[in-house]
Amino acid sequence: MKGKGIKNSFSSKVKEELYKQIGQARHCQIAELGAIISFCGRFQKAGDNKYDFKIHTENMLVARKCFTLLRKAFNIDNDIVIRSTQGNKKVCSYLLQIGDDNEQLRILQALKVVDEQGKRTLETGLVNSLIIPGICCKRAFIRGAFLAAGSISDPEKFYHLEIVCPSREKALQLRDIMNHFAVDAKVIERKKHFVVYVKEGTRIVDTLNIMEAPISLMELENLRIVKEMRNFVNRRVNCETANINKTVSAAVKQMEDIRYIQETAGLEKLPVNLQETAQLRLENPEATLKELGELMIPIVGKSGVNHRLRKISDFAERMREQRRSLE
């Protein structure tokens, strides 16, 4: 599986931060290296106790991270060869290879890919659970997997973190490791690959924390706060707009009822208190119920004004029904 190329995006910023994060303990370094090799590595038997072992990626940071991990965990430096080639699509590809056969075997044994006799321990391509026993190793493993094959969408648009896996077995293993931290990761099949993904913003923040990317975490949290505040303001404005529209619609209906009474029977047909209310509404078409009540003598509460206006509307409706029955 090839890692994604680096672009100027939030996803690339996360990877640049993860590239700099190196576990202090050797077992964590081996766990992260195991994840990267699981997604980018290729090895096949080349003879007795010999393997042809290569790491192939389009991401320069992945190649450099492998170099650093191999140097720190195995004290290998001079025997590492990194080749850079440019394909038809003008995308650089990096090939990292260990020149010494004994060093290759030592690495594969440390990763529990082969046993002491040089025989494969797992034929499924899964990472041996023996190299990720503790919480710190699981963190390192997830970090390596994301660095090798992960991405995060632009959080300004939507929240989505994913890691593309070459097989269902690897996807399920990674999902289970991530869910050890309760991030609610899920698996979906996409074309020829299987994708482990996390959708919710808070879960992605948790995942960044797990991978030990505090700078990216804070940037995402700040964006989430701004986004949630913007959404809150929009909901508030929409709610107030809906209330205003409702109030305006009610006032228009009240005006229509009052004018109908005025033009057909006259407002004097209404009780005195309703006459006052109707006249004030005609004179103050944009006033709220509270404002209308404050114009009355004595002052009438909002519910009282609403009760009077409903009586006026009922009176107008009865007049309309009487007129319809006569036609």
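Heads up: numbering here begins at 1 and tracks the sequence. Reckoned from all heavy atoms, side chains included, excluding hydrogens, waters and symmetry mates.
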**Q** Is there a salt bridge (Lys or Arg N to Asp or Glu O under 4.0 Å) between E32 and K72 once you walk through the steps?
**A** CA-CA 12 Å; E32 184 170 1; K72 285 184 171 292; over 6 Å; no
**Q** List the steps, then state whether side-chain contact (heavy atoms from CB on, under 4.5 Å) holds for T264 with R323.
**A** CA-CA 10 Å; T264 54; R323 185 169 182 177; 3.9 Å; yes
**Q** Ion pair present between R236 and E240, side-chain N to carboxylate O less than 4.0 angstrom?
**A** yes
**Q** Please check: side-chain N/O of R308 versus main-chain N/O of L274, any donor-acceptor pairing under 3.5 Å?
**A** no
**Q** Under 3.5 Å, side chain of S38 to main-chain N/O of G34, donor-acceptor pair present?
**A**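 Not at all, since once roles are kept as given, no pair shorter than 3.5 Å links the two residues.
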**Q** Measure across S167 and F194 and return the closest heavy-atom pair with its distance rounded to 0.1 Å.
**A** C-CD1, 3.5 Å
**Q** How far apart are the closest heavy atoms of F10 and S216, and which atoms are they?
**A**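 Minimum heavy-atom separation between F10 and S216: CZ-O, 3.7 Å.
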**Q** Any heavy-atom pair between the side chains of R143 and K65 that's under 4.5 Å?
**A**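 Yes, at least one pair of side-chain atoms sits under 4.5 Å.
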**Q** Apply salt bridge (Lys or Arg N to Asp or Glu O under 4.0 Å) to the pair E321 and R318, showing each step before the final yes or no.
**A** CA-CA 5 Å; E321 289 178 358; R318 287 196 299 272; over 6 Å; no
**Q** Which value, rounded to the nearest 0.5 Å, describes the distance between Q29 atom CD and C137 atom SG?
**A**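 With rounding to 0.5 Å, CD (Q29) is 10.5 Å from SG (C137).
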**Q** Look only at the side chain of R281 and the backbone of A287, and say whether a donor-acceptor pair between them is shorter than 3.5 Å.
**A**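 Looks like yes, one N/O pair under 3.5 Å.
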**Q** Would the number of heavy atoms belonging to other residues, nucleotides or ligands and lying under 6.0 Å from CD of E189 be above 12?
**A**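 Result for CD/E189: enclosed.
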**Q** Closest heavy-atom contact between L267 and Q275?
**A** O-CG, 3.1 Å
**Q** If you draw the axis of the six-membered ring of Y260, does the NZ or CZ of R320 fall within 45° of it and under 6.0 Å from the ring centre?
**A**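 Cation-pi check for R320 and Y260: passes.
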**Q** In this structure, would I299 and V305 fall into the same cluster of hydrophobic residues linked by side-chain contacts under 4.5 Å?
**A** no
**Q** Any chance you could measure T57, atom OG1, to L147, atom CG, to the nearest 0.5 Å?
**A** 8.0 Å
**Q** For E283, does the CD atom have more than 12 heavy-atom neighbours from other residues, nucleotides or ligands under 6.0 Å away?
**A** yes
**Q** Are the side chain of Q173 and the backbone N or O of V127 linked by a donor-acceptor pair below 3.5 Å?
**A**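 Yes.
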**Q** Can you tell if the side chain of L111 reaches within under 4.5 Å of the side chain of I30, non-hydrogen atoms only?
**A**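 A side-chain contact exists here, since the closest heavy-atom pair is under 4.5 Å.
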**Q** If we only count heavy atoms from C-beta on, is the L282 to R259 side-chain gap below 4.5 Å?
**A** yes
**Q** Do you know which two heavy atoms are closest between C28 and G23, and how far apart they sit?
**A** CB-CA, 4.4 Å
**Q** When you measure from the centre of the six-membered ring of F74, is the NZ or CZ of R26 under 6.0 Å away and within 45° of the axis?
**A** yes
**Q** Check whether NZ of the Lys or CZ of the Arg K199 lies under 6.0 Å from the centre of the six-membered ring of Y159 and within 45 degrees of that ring's axis.
**A** no
**Q** Around atom NZ of K227, are there more than 12 heavy atoms from other residues, nucleotides or ligands closer than 6.0 Å?
**A**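 Counting other residues, nucleotides and ligands, NZ of K227 exceeds 12 neighbours.
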**Q** Please give me the minimum heavy-atom distance between I204 and V198, naming the atom from each residue.
**A** CD1-O, 3.7 Å
**Q** Would R224 and V205 count as a side-chain contact (heavy atoms from CB on, under 4.5 Å) if you check the C-alpha gap in whole Å, the side-chain angles of each, and the deciding distance to 0.1 Å?
**A** CA-CA 10 Å; R224 285 182 65 239; V205 168; 3.9 Å; yes
**Q** State whether the side chain of R203 and the backbone N or O of A182 hold a donor-acceptor pair below 3.5 Å, judged by distance alone.
**A** yes
**Q** If you group Ile, Leu, Val, Met, Phe, Trp and Tyr by side-chain heavy-atom gaps below 4.5 Å, do L220 and V226 land in one group?
**A** no
**Q** Going by heavy atoms in the side chains, are R71 and F67 under 4.5 Å from each other?
**A** yes
**Q** So, the side chain of S153 versus the backbone of F158: is there a donor-acceptor pair under 3.5 Å, distance only?
**A** yes
**Q** Counting only heavy atoms from other residues, nucleotides and ligands, does the tally under 6.0 Å from NZ of K253 exceed 12?
**A** yes
**Q** Quick one: are R190 and E162 in side-chain contact, heavy atoms under 4.5 Å?
**A**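 In short, these two side chains touch, coming nearer than 4.5 Å.
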**Q** So, using salt bridge (Lys or Arg N to Asp or Glu O under 4.0 Å) as the criterion, who are the partners of D184 when residues are at least two apart?
**A** K186
**Q** One pair to check against side-chain contact (heavy atoms from CB on, under 4.5 Å): F39 and L174. What are the steps and the verdict?
**A** CA-CA 11 Å; F39 286 91; L174 177 59; 4.1 Å; yes
**Q** Looking only at heavy atoms, which two atoms of P155 and L223 are closest? And how far apart?
**A** CG-CD1, 3.4 Å
**Q** Under a 4.5 Å cut-off applied to non-hydrogen side-chain atoms, are R235 and N231 in contact?
**A**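 When only atoms from C-beta onward are counted, N231 and R235 do touch, with a gap below 4.5 Å.
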**Q** Would you say that V196 contacts K170 through its side chain, given a criterion of any heavy-atom pair below 4.5 Å between the two side chains?
**A** no
**Q** Going hydrophobic residue to hydrophobic residue with side-chain gaps under 4.5 angstrom, can you get from V252 over to L289?
**A**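 No, V252 and L289 fall in different hydrophobic clusters.
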**Q** Return the CD to CD distance between E268 and Q262, rounded to the nearest 0.5 Å.
**A** 9.0 Å
**Q** Under the salt bridge (Lys or Arg N to Asp or Glu O under 4.0 Å) rule, what do R310 and D314 come out as? Steps first, then yes or no, please.
**A** CA-CA 6 Å; R310 287 178 63 183; D314 291 341; 5.8 Å; no
**Q** Tell me whether N245 at atom CG has more than 12 heavy atoms from other residues, nucleotides or ligands lying less than 6.0 Å away.
**A**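 Yes, CG of N245 has more than 12 neighbouring heavy atoms, counting only those of other groups under 6.0 Å.
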**Q** Examine V248 and L309 and state if one hydrophobic cluster contains both, with Ile, Leu, Val, Met, Phe, Trp and Tyr joined whenever side-chain heavy atoms are less than 4.5 Å apart.
**A**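 No, separate clusters.
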**Q** To the closest 0.5 Å, what do you measure between CD (E16) and CG (L61)?
**A**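 CG of L61 is found 6.0 Å from CD of E16.
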**Q** Just how far is it from atom CD of E294 to atom CG of L280, taken to the nearest 0.5 Å?
**A**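 Reported to 0.5 Å precision, the distance equals 12.0 Å.
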**Q** If hydrophobic clusters are built by linking Ile, Leu, Val, Met, Phe, Trp and Tyr wherever their side-chain heavy atoms come under 4.5 Å apart, do I177 and I135 end up in the same one?
**A**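 I177 clusters together with I135.
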**Q** Can you tell if the side chain of I152 reaches within under 4.5 Å of the side chain of F146, non-hydrogen atoms only?
**A** yes
**Q** Tell me, with the steps shown, if E17 and Q21 meet side-chain contact (heavy atoms from CB on, under 4.5 Å).
**A** CA-CA 7 Å; E17 184 175 5; Q21 181 62 251; over 6 Å; no
**Q** To the closest 0.5 Å, what do you measure between CD1 (I142) and CD1 (I163)?
**A**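 So the CD1 of I142 and the CD1 of I163 are separated by 7.5 Å.
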